[in-house]
Amino acid sequence: MDVLVEGIEEDGQLFGRAMCQAPDVDGETYLTEGNVGDIVRVRIADTLLYEMEAE
């Protein structure tokens, strides 16, 4: 899945949004690589209540 990297949390965790995640409505995808503004291809490893975690 392609994910737009949107930012870095205070603890250093990258986060972004996939095409299926609308801002202010849906959750986020937590990433392990990429830079803010990049679109990275990831494999979703786990889902939480509203968020997804990428490998």
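- Heavy-atom contacts from other residues, nucleotides or ligands closer than 6.0 Å to CG of Asp11 number more than 12.
- Rounding to the nearest 0.5 Å gives a distance of 12.0 Å between CD of Glu28 and CD of Glu53.
- Here Met1 contributes atom CE and Gln21 contributes atom CD; the two are 7.5 Å apart, rounded to the nearest 0.5 Å.
- Across Ala54 and Thr32, no two heavy atoms sit closer than the pair O-CG2, 4.1 Å.
- Rounded to the nearest 0.5 Å, atoms CE (Met52) and CG (Asp46) are 11.0 Å apart.
- In this structure, OG1 on Thr29 lies 9.5 Å from CD on Glu6, to the nearest 0.5 angstrom.
- Val40 and Leu14 end up in the same hydrophobic cluster when Ile, Leu, Val, Met, Phe, Trp and Tyr side chains are linked at under 4.5 Å.
- Rounding to the nearest 0.5 Å places CD of Glu33 at 10.0 Å from CG of Asp38.
- Remark: the backbone N or O of Val3 is not paired with any side-chain donor or acceptor of Arg41 at under 3.5 angstrom.
- In the hydrophobic cluster analysis, where Ile, Leu, Val, Met, Phe, Trp and Tyr join through side-chain heavy atoms closer than 4.5 angstrom, Ile44 is grouped apart from Tyr30.
- Placement of Val36 and Leu4 in two distinct hydrophobic clusters is found when ILVMFWY residues are connected by side-chain heavy-atom separations under 4.5 Å, directly or transitively.
- A single hydrophobic cluster is not seen to contain both Ile8 and Phe15; linkage of ILVMFWY side chains at heavy-atom distances under 4.5 Å, directly or through other members, places them apart.
- In terms of heavy atoms, Glu55 sits closest to Ala45 at CG-CB, 3.2 Å.
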